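Okay, structure first, notes after.
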Amino acid sequence: MHAGMTTKPHPAAIDVAGTPYLRDAKGSLVPLAAVKPVDLLMDETVRAILADARELSALVAAFKVRTFERVGAFQALLAQEYGTTVGGKKGNITLLTFDGRERAQVQVADLLEFGPELQAAKVLIDECLMGWAGGTPVELQAVVNGVFQVDKEGQINRAELFRLLRLDITDVRWLRAMEAIKDSIRVIGSRTYVRFYDRPAHDAPWHPVTIDLASA
């Protein structure tokens, strides 16, 4: 056994006639004694990390449930006491501590998909870009290219798409294209996010309290 390696039974070992085996990535059984020490160490390391990750994931899931329960209980109390509700039409709500130093924010975002009208919009936009006298500004061309450049999941750039809708262009073909984009938008559901912020003083900038592993 490699120095520093554990001597406790392997949690995934399979006993075959008294001999421990491990199943490899192809599904074959390999005698535990034949597995390289470095592979056993890597296996042990990953299993330990994943055990912690599952525990943390369960804690975060439970925390999320408790958070929505608390916000919902607060809203229900206001509705009962005052006959009113707190929050926007979509369910967005921001709650503050009395000293203005801590904030919990619930946001509901629409889940969108785009219908075939989007392709018609692309044709009209291309006609505009090719037909405008004096050529197309480089900045506008970059925005258009960014909109219809699909990512690895086959999704278009939604931020750039909505940026197109805000442009002040009066060409009839362009306006028809923008109408086609609006007609292409389908709301297929929603997703609720909860975010947390604090700050050292009531007039200081807000700082996010991160739960995301990449931002922690």
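Nothing fancy with the numbering, it's 1 onward along the sequence. All values derive from a computational prediction rather than experimental measurement.
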Exercise. Evaluate the side chain to side chain contact (heavy atoms under 4.5 Å, CB included) criterion for residues H10 and D43: first the C-alpha distance (whole Å), next the side-chain angles of each, then the deciding distance (0.1 Å), finally the verdict.
Key: CA-CA 10 Å; H10 193 284; D43 180 278; 2.7 Å; yes

Self-check item: Minimum-distance pair of heavy atoms, taken over all atoms of T192 and K64
Solution: O-NZ, 4.3 Å

Practice problem: Identify the two heavy atoms, one from R158 and one from F114, that lie closest to each other, and give their separation to 0.1 Å. | Solution: NE-CE1, 3.7 Å

Practice problem: Answer yes if L124 and L161 sit in the same cluster of Ile, Leu, Val, Met, Phe, Trp and Tyr residues linked by side chain heavy atoms under 4.5 Å apart, and no otherwise. | Solution: no

Quiz item: Would a hydrophobic clustering, with Ile, Leu, Val, Met, Phe, Trp and Tyr connected at side-chain separations under 4.5 Å, put W132 with L167?
Solution: yes

Quiz item: Given L22 and L29, is the side chain to side chain contact (heavy atoms under 4.5 Å, CB included) satisfied, shown in steps?
Solution: CA-CA 6 Å; L22 289 182; L29 289 176; over 6 Å; no

Quiz item: In terms of hydrophobic clustering (I, L, V, M, F, W, Y; side-chain heavy atoms under 4.5 Å; direct or indirect links), are V209 and V60 co-clustered?
Solution: yes

Quiz prompt | Shortest non-hydrogen contact from I181 toward S184 | solution = O-OG, 2.6 Å

Quiz item: For Y193 and V106, what are the C-alpha separation, side-chain angles and deciding distance, and is it a side chain to side chain contact (heavy atoms under 4.5 Å, CB included)?
Solution: CA-CA 6 Å; Y193 301 88; V106 176; over 6 Å; no

Quiz prompt | Residue pair P116 / R186: nearest heavy atoms and the distance that separates them | solution = CD-NH2, 3.9 Å

Quiz item: What are the two closest non-hydrogen atoms of N92 and Q107, and how far apart are they?
Solution: OD1-CA, 3.2 Å

Quiz item: Does R163 reach the side chain of N157, with side-chain heavy atoms less than 4.5 Å apart?
Solution: no

Quiz item: Are any side-chain N or O atoms of R101 and backbone N or O atoms of D198, one a donor and one an acceptor, separated by less than 3.5 Å?
Solution: no

Practice problem: Mark yes or no for whether T97, through its side chain, and E102, through its backbone, hold a donor-acceptor pair below 3.5 Å. | Solution: yes

Quiz item: Is a side-chain N or O of R103 found less than 3.5 angstrom from the main chain of Y197, in a donor-acceptor match?
Solution: no

Quiz item: Honestly curious: do V123 and V144 fall in one hydrophobic cluster under the side-chain, below-4.5 Å linking rule?
Solution: no

Self-check item: Separation of I49 CD1 from L56 CG (nearest 0.5 Å)
Solution: 13.0 Å

Exercise. Please answer whether the main-chain N or O of R173 pairs with a side-chain N or O of D171 as donor and acceptor at a distance below 3.5 Å.
Key: yes

Quiz prompt | Single hit among L164, L140, L175 for side chain to side chain contact (heavy atoms under 4.5 Å, CB included) with I169 | solution = L140

Quiz prompt | Pair K26 + D24: basic N to acidic O under 4.0 Å | solution = no

Quiz prompt | Backbone of L41 reached by a side-chain donor or acceptor of T45 within 3.5 Å | solution = yes

Self-check item: Straight-line distance of R195 CZ to W206 CH2, nearest 0.5 Å
Solution: 15.0 Å

Quiz item: So how far is it from I185 CD1 to L165 CG, rounded to the nearest 0.5 Å?
Solution: 6.0 Å

Quiz item: Crowded around R47 CZ? As in, over 12 foreign heavy atoms under 6.0 Å?
Solution: yes

Quiz prompt | Non-hydrogen side-chain atoms of M178 and I125 separated by less than 4.5 Å | solution = yes

Quiz item: What closest approach, in Å, do A177 and A121 show between heavy atoms, and which atom pair accounts for it?
Solution: O-CB, 3.4 Å

Practice problem: Treating Ile, Leu, Val, Met, Phe, Trp and Tyr as nodes and any side-chain heavy-atom pair under 4.5 angstrom as an edge, say whether L95 and F68 lie in one connected cluster. | Solution: yes

Quiz item: CD1 of I188 to CD of E113: how many Å apart, nearest 0.5 Å?
Solution: 4.5 Å

Practice problem: Verify, without hydrogens or angle tests, whether R199 (side chain) and G100 (backbone) share a donor-acceptor contact under 3.5 angstrom. | Solution: yes

Self-check item: Interatomic distance, L59 atom CG to D52 atom CG [nearest 0.5 angstrom]
Solution: 10.5 Å

Quiz item: Counting only heavy atoms not in R66, do more than 12 sit closer than 6.0 Å to its CZ atom?
Solution: yes

Quiz item: Do the ring planes of F196 and F63 sit parallel (below 30°), tilted (30 to 60°) or perpendicular (above 60°)?
Solution: tilted

Exercise. Check whether more than 12 heavy atoms from other residues, nucleotides or ligands sit under 6.0 Å from atom CZ of R176, and answer yes or no.
Key: no

Quiz prompt | Chi angles and distances behind the side chain to side chain contact (heavy atoms under 4.5 Å, CB included) call for K122, L118 | solution = CA-CA 6 Å; K122 178 65 165 59; L118 193 61; over 6 Å; no

